[in-house]
Asker: 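Have a look at the structure that comes next, please.
Index from 1, following the sequence.
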Amino acid sequence: MRSPQRAWFFLVFCIFFYSNSVQGKCLKDQRDLLLDLSQNLVFYDDFDPTQFASKLNSWSSSTDCCSSWDGIKCDVAGHVVSLDLSSELLLSFANNTFSTPIPSGIGRLSNMKYLNLSNSGFYEQIPMGISQMTKLVTLDLSGNSYLTLKDPDLETLVRNLTGVTELVLDGVIISEHGSKWLLSLSSCELTGPLDSSLSKLQSLRKLHLDHNNISAEVPEFFGEFRNLTSLHLSSCGLYGNFPNKVIQLQTLQSLDLSSNRGLEGSLPEFPKDGLLRELQLFFTSFTGELPDSIGNLRLLSTLDLHNCEFNGSIPASMSKLNQLRYLDLSLNSFTGYLGENFIGSSSPLEFLDLSYNHLQGHLPQVIFEFSRLYHLGLVSNRFSGTISLDMLFSKIYLSDNRFSIAGTSADFALYPQLRWLSLSSCNLSEIPIFLRNQSKLQVLELSHNQIRGKIPDWIWKIGNGDGYGKLNTLNLSYNFLQDPEKPFPDNRNNLILPSFAIILDYSLNNFTTISNISSSLSQVAYFSLAGNQISGEFPIWICDAHSLVNLDLSNNNFKGPTPPCLGSDFYNLRILNLGGNGFQGTIPEFPADSCGQEVLDLNGNNFDGELPKSLDNCTNLKVLEVGNNQLHGRIPSWLGSMSNLQVLVLRSNKFYGSWGGNQGTECNFPLLQIIDLSSNNFSGSLPKECFSSWKAMMVNQVETNIHGVGLLGLPESEDHDLILGLADDAFRYYYQQKVKITSKGQDMELQKVRRIFTSIDFSNNKFDGEIPEIIGIFTLLYTLDFSRNRFTSRIPPAFGNLTNLESLDLSQNKLTGEIPFELARLSFLSFMNLSFNKLEGKIPSGGQFATFDPSFFEGNVGLCGYPLSKDCNSTNVESPSNSKNKIIYAGGFDWVLFVVTFSGFVVGASMVIGPQYFWKKGRDWANERINRILNIT
């Protein structure tokens, strides 16, 4: 006899099987609607449905749509509840090749719960009928690039879809009428604020609006979506404060607000047992400290907060995050020490980056115990202690700390195979010998160490695993390395160039020679030998390196002419720096159709002739540095058309003539930040039109880049505001333009040029006339030098608006009038030389004037007051205008002094004699007093 338990089990099993496997027979109206849909859709002309097992291939009027048709699911009553035609490659309506709308009758499938038409090639407007499918739970129309949502609009479409938990419209073109809200989902190419009508989707679980220019604040009602599990708003141009209650939603599992630099906020207290698994806030302006309650996020696997404004210490509660796989806190202002268990030791951590903070102390041992860790970034902190090389990971960045590097194993095979290794500024005294066994290394950074001696003969083998060279980046700069060891291996001409290198930096070492390495230059894009002791003529074999983007041979002992290939053969070349050598001859010509130069630095050579007309072809030129040569001629008019120039240095040459033309047509530089024309033979007046186009020196024209980060995560504060280091984002980390300027009376070299730094130097020429008043609007100006010219005007009072000015030199001109008191307002002005002019009057007091040396004012006979010894209230102080009226007798008699003295006598005598002549009582009183005096005597 069958037991009751078995009977119950059999009954439950039958019910479960029936409810999940048995579908009702397809209703006729449902089948007819689906057949109508299939008959109106055809495939690409060359697409074979049978070959790809198309779902529509199973749709037949002779079979049941619920049980036999692919992509269809029905309920027990025979109503279609799920339609999935995703990735069917449907393209055209029958007899209408390029128009495939979704059939309007689809709305009659009113019991539909799941509708997936993604990636199916639908075109034109989404039909109103879909809004009538009120039982929909999932609607996916994504991947149909030409599908539009305009009439009905999105508000109308979703008004009745109150049960939708997943709405996917990525790629759909969404627009809106009138002044109502504009909204787009991922990559829909639309803009607009988020309208309150979106708040009706209370059942929404996922909302992804990534990569749209919404440019608005995040609405508070997002915090009312009690079922929301995923909110992605990256790269939307959002701004304002982000509502904390959204982050605190109990159901939220994934939040991505990245790449919205205008978005502000802080992390709130997190609820206990929060479900958040992914939190990405990088490239936002979130600030404040990490709350201790972050330890409540026990399911958190990704935490990416890099390039924000967080500060404070890293809370110890992070040790509770035992699911953490990805942690990036780089490019913030975190301080303090890392606790021994600052991350749970059982975490499956794979990626850890703490670079560019202010952390210090020894690294916790737990960091080296994460078996899955492949990326460790600690660059630019204050960590100390000893790092053993046999504890390294696949990618490790330890540069710019206070580490000591040690190796504990003599067996090189025990060291892990690395892919990226950055040991810059790690006090290395030699190239670690374990590297000779690294066959998979791709990037090796050993710059800014104390490495001495010759380059070992095995260096070229690094990354040569399985006969294929993988090392593409080798940076040995800022060391004391000498020429390679010899003899060379067979068929090798050099040892310092890996076979498949792309970036090679050997700058600032002690190399004296360089062999012909043309056979290995086919892929090199960045090549620097700057700051060595290499002599001889230009290495002609470099002309074979057609992939070069950046060539830097500056500050060596090269001499002779430069080859024509520099201007004609390097189609990719953007940075050419030959400064600080002894090159001679004329500047190379540049082709009309392929000049991509952004930096041309020939400073400190012996080039002669005029600026070549072919430079006009280099419309992308940002830096033209040809100072300290023997160049001559007038400034060509075409120079004014180079509107991308940021740095223009012509100093110490033999240029002559006027500057700027009659209407400033030769100096139209809206991006210009540094200009140096000093020590030439320029003459004439300066047209005000010449300066009116220099927008980059005006504070309201400053632009910042909120997304740029250099190679290896160079911090935005150190990178995005650089004028230069440009050629390509990949090389920004390696190349930074240096510029020599004169400031505060001293020559100096700027190692980095910030976007906010501006300088004008027209000194030691023959300019005359007035100093243009318009310069007073350059509120970003740091240095202004018009000394040793022939200016005759007054000092413009508008210079008092130059609030960032640190150095002002107007000495050795013919300036007249008084020193404007407005200059006393310049709180940053630490150097001001007005000597040897024709200034007069009292020197302004207060502010920085109290710190200036008397020599700054010497040679102006009409000036008085501190810091000069002349007192403006003293009778022996006279202005130049008074001295011109002084008449001196040839024999030395001073007529002015005589007239003044005689007048005083007459006045005094009349005061005594007058009363006695007209006043009798007074006369009697005076006589009595005189008689008494006489009697006494």
Side-chain angles (χ1 to χ4, degrees), residues 673 686 688 691 694 697-702 741-746 748 756-763 767 769-789 791-882:
Q673 295 187 226
L686 298 176
K688 65 179 181 180
F691 299 94
W694 298 1
M697 296 190 183
M698 307 174 191
V699 68
N700 62 338
Q701 298 294 328
V702 178
I741 67 168
T742 299
S743 179
K744 303 180 183 180
Q746 302 291 326
M748 63 178 64
I756 61 173
F757 182 86
T758 60
S759 172
I760 299 176
D761 190 347
F762 284 14
S763 64
F767 292 115
E770 296 184 354
I771 295 178
E773 183 96 10
I774 193 174
I775 293 177
I777 67 175
F778 293 162
T779 50
L780 286 180
L781 197 62
Y782 275 62
T783 299
L784 178 61
D785 192 343
F786 280 172
S787 65
R788 290 167 290 168
N789 281 284
F791 292 110
T792 56
S793 64
R794 295 174 175 265
I795 300 175
F799 279 12
N801 298 324
L802 304 178
T803 52
N804 285 296
L805 196 66
E806 295 183 0
S807 176
L808 175 63
D809 195 342
L810 303 178
S811 62
Q812 300 186 55
N813 281 282
K814 299 179 181 180
L815 300 174
T816 60
E818 297 183 348
I819 300 174
F821 71 88
E822 290 87 351
L823 296 183
R825 300 199 303 249
L826 303 181
S827 57
F828 292 109
L829 189 63
S830 58
F831 178 91
M832 184 181 70
N833 192 347
L834 305 179
S835 62
F836 300 101
N837 281 284
K838 297 182 179 181
L839 300 171
E840 60 185 13
K842 187 177 185 299
I843 296 174
S845 59
Q848 293 295 95
F849 277 81
T851 67
F852 292 149
D853 190 85
S855 63
F856 291 173
F857 305 97
E858 65 179 342
N860 295 278
V861 296
L863 286 179
C864 60
Y866 185 86
L868 297 179
S869 58
K870 293 182 180 180
D871 185 354
C872 295
N873 296 321
S874 174
T875 58
N876 64 351
V877 177
E878 53 192 349
S879 68
S881 59
N882 290 333

Asker: Nearest 0.5 Å please: distance from the CG atom of Leu834 over to the CG atom of Leu808.
Answerer: 6.0 Å

Asker: Distance from Ile843 atom CD1 to Leu863 atom CG, nearest 0.5 Å?
Answerer: 5.0 Å

Asker: Would Phe836 and Glu858 satisfy side-chain contact (heavy atoms from CB on, under 4.5 Å), going step by step from the backbone distance to the final call?
Answerer: CA-CA 6 Å; Phe836 300 101; Glu858 65 179 342; 3.8 Å; yes

Asker: Would you indicate whether the side-chain heavy atoms of Phe791 and Asn837 approach each other to under 4.5 Å?
Answerer: no

Asker: Once you round to the nearest 0.5 Å, how far does CE of Met832 lie from CG of Leu784?
Answerer: 12.0 Å

Asker: Using a 3.5 Å distance criterion without hydrogens, assess whether the side chain of Asn860 forms a donor-acceptor pair with backbone atoms of Gly862.
Answerer: no

Asker: For the side chain of Asn804 and the backbone of Tyr782, is there at least one donor-acceptor N/O pair under 3.5 Å apart?
Answerer: no

Asker: With rounding to the nearest 0.5 Å, note down the distance linking CE in Met697 to CG in Leu781.
Answerer: 6.0 Å

Asker: How many angstroms lie between CZ in Arg788 and CG in Asn813, if you round to the nearest 0.5 Å?
Answerer: 10.0 Å

Asker: Does Ile771 offer a backbone N or O that forms a donor-acceptor pair with the side chain of Ser793 under 3.5 Å?
Answerer: yes

Asker: Kindly say whether Phe799 contributes a backbone atom to a donor-acceptor pair with the side chain of Asn801 at under 3.5 angstrom?
Answerer: no

Asker: Consider side-chain contact (heavy atoms from CB on, under 4.5 Å). Of Leu839, Asn833, Asp785, Ile795, which one does Leu810 pass it with?
Answerer: Ile795

Asker: Could you report the tightest heavy-atom contact between Phe762 and Asn789, atom names first, then the distance?
Answerer: O-ND2, 3.0 Å

Asker: Verify, without hydrogens or angle tests, whether Ser787 (side chain) and Asp809 (backbone) share a donor-acceptor contact under 3.5 angstrom.
Answerer: no

Asker: What are the two closest heavy atoms between Cys872 and Gly865, and how far apart are they?
Answerer: SG-N, 3.4 Å

Asker: Test Leu829 against Phe852 for side-chain contact (heavy atoms from CB on, under 4.5 Å), laying out the working first.
Answerer: CA-CA 10 Å; Leu829 189 63; Phe852 292 149; 4.1 Å; yes

Asker: Check Gly800 against Leu823 and note the closest heavy-atom contact, atom names and distance.
Answerer: N-CD2, 4.1 Å

Asker: Do the ring centers of Phe831 and Phe856 come within less than 6.0 Å of each other?
Answerer: yes

Asker: Just wondering, do Tyr866 and Ser845 contact through their side chains at under 4.5 Å, heavy atoms?
Answerer: no

Asker: Can any side-chain N or O of Lys838 pair as donor or acceptor with the backbone N or O of Thr792 at less than 3.5 Å?
Answerer: no

Asker: Are Thr758 and Trp694 packed together at the side-chain level, in the sense that at least one heavy-atom pair is separated by less than 4.5 angstrom?
Answerer: no

Asker: Give me the atom names and distance for the closest heavy-atom approach of Leu805 to Leu826.
Answerer: CD2-CD1, 4.4 Å

Asker: Begin with the C-alpha distance, continue with both residues' side-chain angles, and end with the deciding distance and a verdict on side-chain contact (heavy atoms from CB on, under 4.5 Å) for Phe786 and Leu815.
Answerer: CA-CA 11 Å; Phe786 280 172; Leu815 300 174; over 6 Å; no

Asker: Report the relative orientation of the aromatic rings in Phe778 and Phe691; use parallel for angles under 30°, tilted for 30 to 60°, perpendicular for over 60°.
Answerer: tilted

Asker: Identify the two heavy atoms, one from Pro867 and one from Pro854, that lie closest to each other, and give their separation to 0.1 Å.
Answerer: O-CG, 3.6 Å

Asker: Give the minimum heavy-atom separation between Pro844 and Pro820, together with the two atoms involved.
Answerer: CG-O, 3.8 Å

Asker: Taking Asp853 for the side chain and Ser855 for the main chain, is one N or O donor matched with an acceptor at less than 3.5 Å?
Answerer: yes

Asker: Testing Glu822, Glu773, Glu770 one by one against Pro796 for a side-chain contact (heavy atoms from CB on, under 4.5 Å), which residue passes?
Answerer: Glu773

Asker: Does Gln673 reach the main-chain N or O of Phe757 with its side chain, forming a donor-acceptor pair under 3.5 Å?
Answerer: yes

